S.K.: 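The following block contains the structure, expressed as structure tokens.
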Amino acid sequence: MNLEIIPTGAALGAEICCIDLSQPLGDNTFAEIEHAYDEYGVIFSRHQHITPEQQVAFTRRFGEIEFNIFGERWSVRGCPEIVVVSNITEDGKPIGVRRAGENWHSDMCYTARPPRGTILYAIEIPELQGLPLGDTEFASAAAAWDALPGRLRSCIEGRRAVFDFTGRKRAFPPTPEEIERNPPVRHPIVRTHPKTGRKCLYVMRDDCTGIEGVPAEEADALICALADHIVKPQFIYRHQWQPGDLLMWDNCTVQHRAIQDYDLPQRRLMHRTTMGGAVPV
Ligand code: SIN
């Protein structure tokens, strides 16, 4: 299989062409895909036709699979590794998580070992007279770090922020048991990518509630300023989905948000898998 890797031209992202993910991948082909994933932060392949089992098998090539809170409520029957992301209802009940990731975030940053990455497979995409809706935006927190003034870099490097799960309240109401299972954690606000060694900012408005050693008011201002910096237009790639897209992002160097510009009868259905992660450094 001869892969073609076409950068999006934005600060991150590349399309991988000439690949069929329903077929087992040879080690060399997989190594090329993994390399592109580490380098570009977001990679995608169009026109895929894969089963839930094939998506799980592909995700496992990147290591352990992570199970997340959404999967406990909305997974594919017989495939607990797959979370259903959807606005569709059946018999009056949602078949998936509707408002996943509406605000800029990095997946499960409130855990001690945030996932390496996430994979979304698009099955149904909403549209308005042929215009696709429900895009996802991705921001390169690595390019954002590169663009920071040196003085600010040295002021924040080595600092750790508090990441608090209850910040997700706006996205979905967590149960008291879920809150207890996810106590606040601390991560470096400047992370180093474990494969490429690239540095990136790791700060989000909803999830970061403080910075160690910085007075609360000053920390709040810094969190907002850095979070806003990461999502400036020059660091963003906006993905316009087509059914059959399989897209994956790196949760260390990339933040993302789902654009909620559609509603029933416009249907959106995605299958999502999550890769296991490691303690951020
Ligand atoms: C997510 O944040 O995992 C969902 C992104 C999307 O549905 O576009």
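As the structure lists them, so they are numbered: ligands from 1, and atoms in each ligand from 1. For clarity, every value in this text was computed on a predicted model and none was experimentally measured.
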S.K.: For ligand 1, is any non-hydrogen atom under 4.0 Å from H105's backbone (N, CA, C, O), its side chain (CB onward), both, or neither?
M.R.: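 Only the side chain of H105 comes within reach of ligand 1.
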S.K.: From the options I211, D207, D228, V214, select the one residue that forms a side-chain contact (heavy atoms from CB on, under 4.5 Å) with I223.
M.R.: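 Among I211, D207, D228, V214, the one that satisfies the side-chain contact (heavy atoms from CB on, under 4.5 Å) with I223 is I211.
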S.K.: Counting only heavy atoms, which portion of L120 has something under 4.0 Å from ligand 1: side chain, backbone, both, or neither?
M.R.: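 Within the 4.0 Å criterion, L120 contacts ligand 1 through side-chain atoms alone.
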S.K.: Not counting sequence neighbours, which residues clear side chain to side chain contact (heavy atoms under 4.5 Å, CB included) with K195? List them please.
M.R.: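 Testing K195 for side chain to side chain contact (heavy atoms under 4.5 Å, CB included), a comparison that skips the adjacent residues, returns E34, D38, R116, H193.
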S.K.: Among H256, M108, R268, whose heavy atom sits nearest atom 6 (C) of ligand 1?
M.R.: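 Among H256, M108, R268, the closest heavy atom to atom 6 (C) of ligand 1 belongs to R268.
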S.K.: Find all atoms of ligand 1 within a distance of less than 4.0 Å from any non-hydrogen atom belonging to V85, and give their numbers and elements.
M.R.: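 What qualifies from ligand 1 is 7 (O).
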S.K.: Can H256 and N251 be counted as having a side-chain donor-acceptor contact under 3.5 angstrom?
M.R.: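 There is no such pair (donor and acceptor under 3.5 Å, judged by atom type) between the side chains of H256 and N251.
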S.K.: Can you tell me which residue and heavy atom of the protein come closest to atom 4 (C) of ligand 1, and the distance to 0.1 Å?
M.R.: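 Ranking protein heavy atoms by distance from atom 4 (C) of ligand 1, first comes A100 O, 3.7 Å.
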S.K.: So for ligand 1, is T136 a polar contact partner (N or O within less than 3.5 Å, distance only)?
M.R.: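 Min N/O separation from ligand 1 is below 3.5 Å for T136.
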S.K.: Check whether any heavy atom of T118 sits under 4.0 Å from an atom of ligand 1.
M.R.: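 Contact check T118 vs ligand 1: negative.
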S.K.: Strictly distance-based, threshold 3.5 Å: is any side-chain N or O of Y202 a donor or acceptor partner for the main-chain N or O of S106?
M.R.: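 Not confirmed, Y202 side chain does not pair with S106 backbone.
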S.K.: Quick check against the 3.5 Å criterion: does E64 have a side-chain atom that pairs as donor or acceptor with the backbone of G276?
M.R.: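 No; zero donor-acceptor contacts below 3.5 Å.
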S.K.: Can you pull out the closest protein heavy atom to atom 1 (C) of ligand 1? Residue, atom name and distance to 0.1 Å, please.
M.R.: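 Ranked first by proximity to atom 1 (C) of ligand 1 is R272 NH1, 3.2 Å.
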S.K.: As a test of understanding, state which of R191, R151, K199 forms a salt bridge (Lys or Arg N to Asp or Glu O under 4.0 Å) with E157.
M.R.: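 Single salt bridge (Lys or Arg N to Asp or Glu O under 4.0 Å) partner of E157 among R191, R151, K199: K199.
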